[in-house]
Student: 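I have a structure I would like to understand better, so I am pasting it below and will then ask my questions one at a time.
Side-chain atoms are counted along with the backbone in the values below, which use heavy atoms only and exclude waters and symmetry mates. A note on names: the letters A, B, ... follow the listed sequences, proteins ahead of strands, and every chain is numbered from 1.
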Protein chains: 2
Amino acid sequence: MTEASRITARDGVRADARRNRERVLVAARAVFAEHGIDAPMATVARRAGVGVATLYRHFPTRDALVRGAFAQQMETCARALTEALADPDPWQGFQQLVETVCALQREERGFPAAFAAAFPDSTSEHAPYRQRAERDFTTLVRRAQASGALRADFHPSDLAVALLAHCGLVTALPDDGAASRRLVAYLLQSFRTDPANKPLPPPTALTLRSFPIATDSPQGQRSSRA
Amino acid sequence: MTEASRITARDGVRADARRNRERVLVAARAVFAEHGIDAPMATVARRAGVGVATLYRHFPTRDALVRGAFAQQMETCARALTEALADPDPWQGFQQLVETVCALQREERGFPAAFAAAFPDSTSEHAPYRQRAERDFTTLVRRAQASGALRADFHPSDLAVALLAHCGLVTALPDDGAASRRLVAYLLQSFRTDPANKPLPPPTALTLRSFPIATDSPQGQRSSRA
DNA sequence: GTCCAAGCGGACGATTGCGTCCACTTGAGA
DNA sequence: TCTCAAGTGGACGCAATCGTCCGCTTGGAC
């Protein structure tokens, strides 16, 4: 951290440039949270109080901007994995990991979309990081299974399934997070070996308005991924 | 059905108009499946072999088109609820219901997006249908709980949570459905009172490439909701 | 066969977002 | 203080999509 800022400070980068870069990142997070990850670049620029050109100079593609904006959240995820491995109780670590990542997804609006968008990038790039993450998580899973708390047929890929599903849920429902908590609780319980009768968080206020009950049922307005 | 087609046939609607309407619906399903629900209207028109104006005449808004295109799927969902209620074993009915709806979401590409889009429409319209669906489903839940198979703290709103999460998953991963089946199995197990040791479907081939492991980790291309 | 209203198609103007170009400004080293 | 390269902003050209308008075509009643 100190390291990082010192490098930045003496990078030969002009002070105003560095300041603008930071302003853009703050604005990007705000705008992505408000209008979704597809918000116009110009909106971000205006919010940051800089011109479009400045924005494009710092982040040549929308992707770079998204990556920059959520770098901190990414780091938090990475740290969560490390901490999970360090936990003496592997199940505890596993649970913490899932809960931390899901909390991040639910709290930082815009992040879930970024998270989901990260997926298609199946190929090559940054493979070493990914491989380390996979190896670490697999280790965690094995330990938790050995401790008897995690069901034996849990497969590491199930984490991806769970996180993507959760991601979709919070994206569809930018609410107070009740639904998210409920889903996480259900999933964690189904991953456990024994029922582990911890009570669920309170149910959501959702109605079944989503359930298509008739041909001419409420199909609703497509909301443009607000 | 016969009723419906007879009405259509003698509706004073010209034969070519009726034919075109049908062609548009077929094309819409195909295009939505291929390019997502946000595909340009012109693409649908071209695919249907009609002009844009014809498309707009039959379906004045994109929403109307989506509704029209997936009306059949909506009906299937509605029927599933009726059948679930009719099942002598309420848990069996419950399980069938969830599986049917999820199978539909995973098989008819484009439908999940339509399903999710249906949500924001919280207000008023078609309230009677929705209320009936809610009442019926609540009845099913109560019966399944009384039979001892469905956990006592399951709340009807949890169906919405589960379906939206599943929706998000299949939208994010247009794969062969392995992930979807896995999620559904996990969820159903966590809804059951006893562990009900039915084996899970095989794990997916997903890697953890979605897991952000470092600041500059693979963030990936935003794929335009292909 | 004749007729005409219902139906049709595609051109069109408007709107929105993208990313670049270029003339102006400014931080900071000498 | 002076200088100039690094940095900046917004105008601009381009492309995609929307939804409408209007002149042509055709189904089907008589």
Student: For Arg14(B) and Ala53(B), find the nucleotide of DNA chain C closest to each by heavy atoms; which residue's nucleotide sits nearer the 5' end?
Tutor: Arg14(B)
Student: Supply the atom-to-atom distance Ser180(B) OG to Arg182(B) CZ, rounded to the nearest 0.5 angstrom.
Tutor: 12.5 Å
Student: Within this structure, what is the CD-OG1 distance for the pair Gln73(A) and Thr76(A), rounded to the nearest 0.5 Å?
Tutor: 6.0 Å
Student: Take atom NE2 of His35(A) and atom P of dG17(C), then tell me their distance rounded to the nearest Å.
Tutor: 11 Å
Student: Out of dG27(D), dG10(C), dG19(C), which has the shortest distance to the side chain of Asp16(B)?
Tutor: dG27(D)
Student: Nearest-nucleotide wise, let me know which of Ala15(B) and Val52(B) is further upstream toward the 5' end of DNA chain D.
Tutor: Val52(B)
Student: Do you know which two heavy atoms are closest between Ala30(B) and Arg47(B), and how far apart they sit?
Tutor: CB-NH2, 3.3 Å
Student: Can you tell me how far C1' of dA6(D) sits from CZ of Arg21(A), to the nearest Å?
Tutor: 16 Å
Student: Output the distance between atom NE2 (His166(B)) and atom CG (Leu164(A)), rounded to the nearest 0.5 Å.
Tutor: 12.5 Å
Student: Taking the side chain of Asn20(B) as heavy atoms from C-beta outward, which of dC8(C), dG9(D), dG28(D) is closest to it?
Tutor: dC8(C)
Student: Taking only N and O in the side chain of His58(B), is any of them less than 4.0 Å away from OP1 or OP2 of dG7(C)?
Tutor: no
Student: From C-beta outward on Val13(A), which listed nucleotide comes closest to its side chain: dA11(C), dG7(D), dG10(D)?
Tutor: dG7(D)
Student: Between C1' on dT26(C) and CZ on Arg18(A), what's the gap in Å once rounded to a whole number?
Tutor: 15 Å
Student: Between dT20(C), dG19(D), dG7(D), which nucleotide gets closest to the side-chain atoms of Ala17(A)?
Tutor: dG7(D)
Student: Any chance you could measure Phe111(B), atom CZ, to Phe70(B), atom CZ, to the nearest 0.5 Å?
Tutor: 7.5 Å
Student: Rounded to whole angstrom units, what separation is found between the CZ atom of Arg19(A) and the P atom of dA6(D)?
Tutor: 18 Å
Student: Please determine, for the side chain of Val50(A), which listed nucleotide (dT8(D), dG9(C), dG9(D)) has the closest atom?
Tutor: dG9(D)
Student: If I take atom CZ in residue Arg23(A) and atom P in nucleotide dG9(D), what distance separates them, rounded to the nearest angstrom?
Tutor: 8 Å
Student: In whole angstroms, how far is the C1' atom of dC21(D) from the OH atom of Tyr56(B)?
Tutor: 14 Å
Student: What is the distance, to the nearest angstrom, from the CZ atom on Arg57(B) to the P atom on dG10(C)?
Tutor: 13 Å
Student: Counting just side-chain N and O atoms, does Thr54(B) come under 4.0 Å of either OP1 or OP2 of dG7(C)?
Tutor: no
Student: Output the rounded distance in Å from CG (Asp63(A)) to C1' (dG19(C)).
Tutor: 16 Å
